[in-house]
Amino acid sequence: MPTIKLTFPDGSVREFEQGATGLDVAKSISSGLAREALAVEFNGEVWDLSRNFFQNGTLKILKWTDDGGKFAYWHSSAHLMAEAIESLFPGTRFGIGPPIENGFYYDIDMGDHALSPDDLSTIEEKMYELTKRDVPYVREEKSWDDAVSYFQKKGDPYKLELLAGLKDKTISFYHQGNFTDLCYGPHIPSTGRIKAIKLLSVAGAYWRGSEKNKMLQRIYGITFPLKKELDDYLFRLEEAKRRDHRKLGKELDLFVFHDIAPGAPFWLPKGMIVFRELEKLIREELDMRGYQEISTPIMVKKDLWEQSGHWTHYQENMFLIESEETTYSLKPMNCPESTFVYKHKLRSYKDLPLRFSELGRLHRNELSGALGGMFRVRQITMDDAHIYCRPDQIFSEINQLIELVTHVYSMFGLKPMFNLATKPDKGMGDPLLWEKAEASLKQALETNNIAYKLKPKDGAFYGPKIDIQIEDAIGREWQVATIQLDFVMLPERFHLEYVAEDGSRQQPVAIHRAVFGSFERFIGIITEHFAGSFPTWLSPIQAVVLPITDAHVDYAKNVFDCLAAGGVRIELDDRNEKVNYKIRDWETKKVPYMLVVGEKEKSGGSVAVRQHKKGDIGMMPLGEFIGKIRSEIAQKIITS
RNA sequence: GCUGGCGUAGCUCAGCUGGUAGAGCAGCUGACUUGUAAUCAGCAGGUCGUCGGUUCGAGUCCGACCGCCAGCUCCA
């Protein structure tokens, strides 16, 4: 029997009989692994466990904890759901049913039948029933003609349309139980692996995402190998609802939206405190790192956008204004205007890098349907900057930016994750420069010992970039910061240059970067991250004094004055209410500290401290508390 | 922008098949003088998103528009 050699992730190489399957390999390692295995990655492709290997290659057994395993699991779940739907609603036509970041969906056409929540639970029950039969997912390769005739017979126009685009490809079908679907796979071994199922929602979705096509019903669902994992997931969904910044923003008087300005918040005094803390923080950090702050016009003539290319590529997102037969636009980005600051003088190689920061307000005409709370607004305050440097300075600049981003996020307890996006096919500019730049980015990431994901061909047309995502307190990921190199858009279109050492004129490289991204969005994110309980340094109200009776108001005022003089954002609650009432009230407002003062405190010059969410932490001398809270604020300590 | 749902007091919400609006909280006034998550009583507060239509009569039915929410799309 001929053999093949398989290389494992740890580098070990083992020999197997030709035709061995992933499951055979898993079994040969351990029965536990065979039980957990969902799919395999063979030479970089994800395959079913049952497919045979006929050649040497690298192999990884994929489990639930691997993305590939999860995707196969959810993809198989989508098929299971389709089987349940077909048995309950015969005649349903199927669109596509892929795995997504959290779960899966299937787009279906049921004619006039609109799915109700009851239908969802019926389908869910049917799915559970089907899993009990524990039937295998079987792959079958078919000729294109056979595939077409199958779906012609079945009468499924969507699958036929998909097949029309697959003429030269290998066509594979997957069967499980009574269900057959056109599918590239891979799938998990059998339906019995799916243990916990939840169908989450139904929404309309156009066939192939085009509003010209028919609208199908999209059912979203999620499944897990363990019930507990499903419960945790559902709990997190609830938790996300509880933390919704739109709700908290209103309750905590941070900001409001009004019909009069869709997509633009009204910042209330308390929200503005958070906003200003972020501004202060970023300005301090940038000052320390050699940035120079600029401010450029909000409204400029369209000529600028014609030069930058935005007029042809971004016009529908710009707000236009006519005046005296001239067309102006509110700026959707700062970059083109920053070049005017650069070009204000003839620059020498000695001047570089020039780091121009701008906390400017931008306006982008987002589609009305895309707006959503602070996460998608039309009026954006960005912590933008453009760094102009020589090609040989790319590495050190990127290095500094990685340090800046990591440092700033750590103050919020947010963990950054880095993605390196390289040259897309339409990438413009000198290929050699691309290569060098990508190497610099990589080197900077590696020098900082940063694990990153490579996103090939995902860069902008004008240069490679590092996108930074953060993970919040309940495990959600947000795209925030970005570091983009630019060889084309600013340097070339705006004819930027500097005088090099040899007297020649050279083109600088521009780096577009943002740390918070937009203040609006970032404040939305941290509001949810902290569930409204901001750390003391960010909290709009940092402490409140609660006198027990009228007799203690004078002393309470004294406490208030001392803390206010110490720079603490403090309030005095001298309402004629019981302490219980006040405590409840301020607890719901998520104020970090309450200082209860009565007879004992008055006579002892102390305060009884109650910490948000922790409760009474005891009495201490006023001076001690002032020291405590001031140092907590200065060190930006995160309590929760 | 597209599809669907929704829009009643500052907030959260009730208002059956059409008969000119109601609660709790918040606010204000008064009483109570209070020790770690809601003291009691009273008062005030809405042209029911906007405009138009049907009807003797519209918060309730119909249409258009605006906005919000979910999803799609877009994201130089």
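This one's a predicted model, so the numbers in the text were calculated from it and none came from an experiment. Naming: A, B, ... by sequence-line order, numbering from 1 per chain.
Projected onto RNA chain B by closest heavy-atom contact, A/Ile260 and A/Ala203 fall at different nucleotides, the more 5' of which corresponds to A/Ile260.
Counting any heavy atom pair closer than 4.0 Å across all strands shown, A/Glu601 reaches a base atom. In this structure, A/Val596 reaches the bases: a heavy-atom distance under 4.0 Å links it to at least one base atom across the strands shown. Residue-level contact check: A/Asn576 touches the bases, meaning some heavy atom is under 4.0 Å from a base atom.
Not one side-chain nitrogen or oxygen of A/Tyr581 sits closer than 4.0 Å to the OP1 or OP2 atom of B/rC40. Put simply, A/Arg584 has no side-chain N or O that comes within less than 4.0 Å of OP1 or OP2 on B/rU36. For A/Arg378 and B/rC74, the shortest distance from a side-chain N or O to OP1 or OP2 is not below 4.0 Å. A/Lys582 has no side-chain polar atom (N or O) that falls below the 4.0 Å cut-off from OP1 or OP2 of B/rG35.
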| request: Evaluate ring-ring contact (aromatic ring centres under 6.0 Å, His included) for A/Phe266 paired with A/Phe255, printing each intermediate quantity in order. | output: CA-CA 6 Å; A/Phe266 286 78; A/Phe255 46 78; over 10 Å; no

| query | Is there a ring-ring contact (aromatic ring centres under 6.0 Å, His included) between A/Phe104 and A/Phe71 once you walk through the steps? | reply | CA-CA 9 Å; A/Phe104 58 89; A/Phe71 267 49; over 10 Å; no

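With B/rA76, B/rG35, B/rA37 as the choices, the nucleotide that has an atom nearest any side-chain atom of A/Tyr314 turns out to be B/rA76.
Annotation: B/rC6 and B/rG59 have their C1' atoms spaced 15 Å apart (nearest Å). Comparing the P positions of B/rA64 and B/rA76 gives a spacing of 35 Å, expressed to the nearest Å.
Between atom CH2 of residue A/Trp305 and atom OH of residue A/Tyr314 there is a gap of 10.0 Å, rounded to the nearest 0.5 Å.
For RNA chain B, the stems formed by at least three consecutive Watson-Crick or G-U pairs, with both atom-pair distances below 3.5 Å, span B:1-7 with B:66-72, B:10-13 with B:22-25, B:27-31 with B:39-43, B:49-53 with B:61-65.
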